[in-house]
Amino acid sequence: MRIAGAAKLVVVIAIFLLTFYVISQVFEIKMDANLGHIFARSALDAAARSTKPPRYKCGISKACPEKHFAFKMSSGAANVVGPKICVEDNVLMSGVKNNVGRGINMALVNGKTGELLDTKFFDMWGGDVAPLIEFLKTIQDGTIVLMATYDDGATKLNEEARKLIAELGSTSITNLGFRDNWVFCGGKGIKTKSPFEQHIKNNKDTNKYEGWPEVVEMEGCIPQKQE
């Protein structure tokens, strides 16, 4: 009887140990599988992050060199969507900021620091050109000047206003006409014509919108003014 009882105990212990072994092996396999899945997912996420293209200031296509300010700007779309001006990843003017309007929209930026100095818009359809002329005359040397049209930026322009804008480095201002789209970046005291200017004529045969040409966009790197 004692031998039989001992035999039963041995069998019970053996079954217990076998069950424990099987459960531990299954659990280990699941743990390995879960850990493997986690590590594989982490590796895929890291690879996705490494292949994601970098974002540059204002969303421009490439980084600017040292001592340059990144900028991106667009004209208005017909008389519906206002223009947008961004410098050094700061949106200076836009419809969202509610500081744009029909006509010529203008942002002044410190040429040494890149800081915003002022924003204005001048209605060149139903307004007067005199406030624009007076404002242009107050711009200090070394100031970066960014301009973008919305709806119509030319009807009220006169020769004096066009000359003052040309002195900031613009070449297209002399030909800017009714409902043309135009963006420009120049500066007070500039010695040459600015390379930063885009202009699309209002032409009923090529207009993207009824009565207005397509939006013009421009980006680049503005050299910082040195002492």
What about [X] and [Y], same hydrophobic cluster or not, with Ile/Leu/Val/Met/Phe/Trp/Tyr joined at side-chain heavy-atom distances under 4.5 Å?
X      : Y      : value
Phe196 : Leu92  : yes
Val183 : Met106 : no
Ile222 : Met218 : yes
Leu132 : Leu117 : yes
Ile85  : Leu116 : yes

Is any side-chain heavy atom of [X] less than 4.5 Å from a side-chain heavy atom of [Y]?
X      : Y      : value
Phe135 : Leu164 : no
Val87  : Ile144 : no
Ile173 : Leu168 : no
Leu176 : Arg162 : yes
Val145 : Leu108 : yes
Pro83  : Met93  : no
Asn158 : Ile133 : yes
Val215 : Tyr209 : yes

Return a table of donor-acceptor pairs under 3.5 angstrom between the side chains of residues 121-130 and protein atoms on other chains or two or more places apart.
residue	atom	partner	partner atom	Å
Asp123	OD1	Arg102	NE	3.1
Asp123	OD1	Trp125	N	2.9
Asp123	OD1	Gly126	N	3.0
Asp123	OD2	Arg102	NE	3.4
Asp123	OD2	Arg102	NH2	2.9
Asp128	OD1	Ala130	N	3.1

Could you report the tightest heavy-atom contact between [X] and [Y], atom names first, then the distance?
X      : Y      : result
Ser94  : Lys84  : CB-CG, 4.1 Å
Ile60  : Gly220 : CD1-O, 4.3 Å
Lys188 : Leu136 : NZ-O, 4.3 Å
Pro54  : Tyr56  : CG-OH, 3.3 Å
Asp205 : Asn203 : N-OD1, 2.8 Å

Approximate separation, where rounding is to 0.5 Å, of [X] [atom1] and [Y] [atom2]:
X      : Y      : atom1 : atom2 : answer
Glu219 : Ser61  : CD    : OG    : 4.0 Å
Lys120 : Asn105 : NZ    : CG    : 12.5 Å
Lys225 : Lys112 : NZ    : NZ    : 6.5 Å
Ile200 : Asp180 : CD1   : CG    : 9.5 Å

Exercise for the section: Write out all pairs satisfying side-chain hydrogen bond (donor to acceptor under 3.5 Å, both in side chains) with one or both partners inside residues 166-179, taking only residues at least two apart or from two chains. Expected result: Lys163-Glu167, Ser170-Glu197, Thr171-Glu197
Taking atom [atom1] as the centre, does [X] end up with more than 12 heavy-atom neighbours from other residues, nucleotides or ligands that are less than 6.0 angstrom away?
X      : atom1 : value
Gln226 : CD    : yes
Lys57  : NZ    : no
Asn98  : CG    : no

Enumerate donor-acceptor pairs with a distance under 3.5 Å from any side-chain N or O in residues 62-78 to protein atoms, sequence neighbours excluded.
residue	atom	partner	partner atom	Å
His68	ND1	Glu66	O	2.9
Ser75	OG	Val216	N	3.1

Is there a donor-acceptor pair closer than 3.5 Å between any side-chain N or O of [X] and the backbone N or O of [Y]?
X      : Y      : result
Asn202 : Phe178 : yes
Asn181 : Trp212 : no
Thr149 : Trp182 : yes

Practice task
Could you tell me whether Arg55 and Asp89 have a side-chain N and a carboxylate O separated by less than 4.0 Å?
Solution key: yes
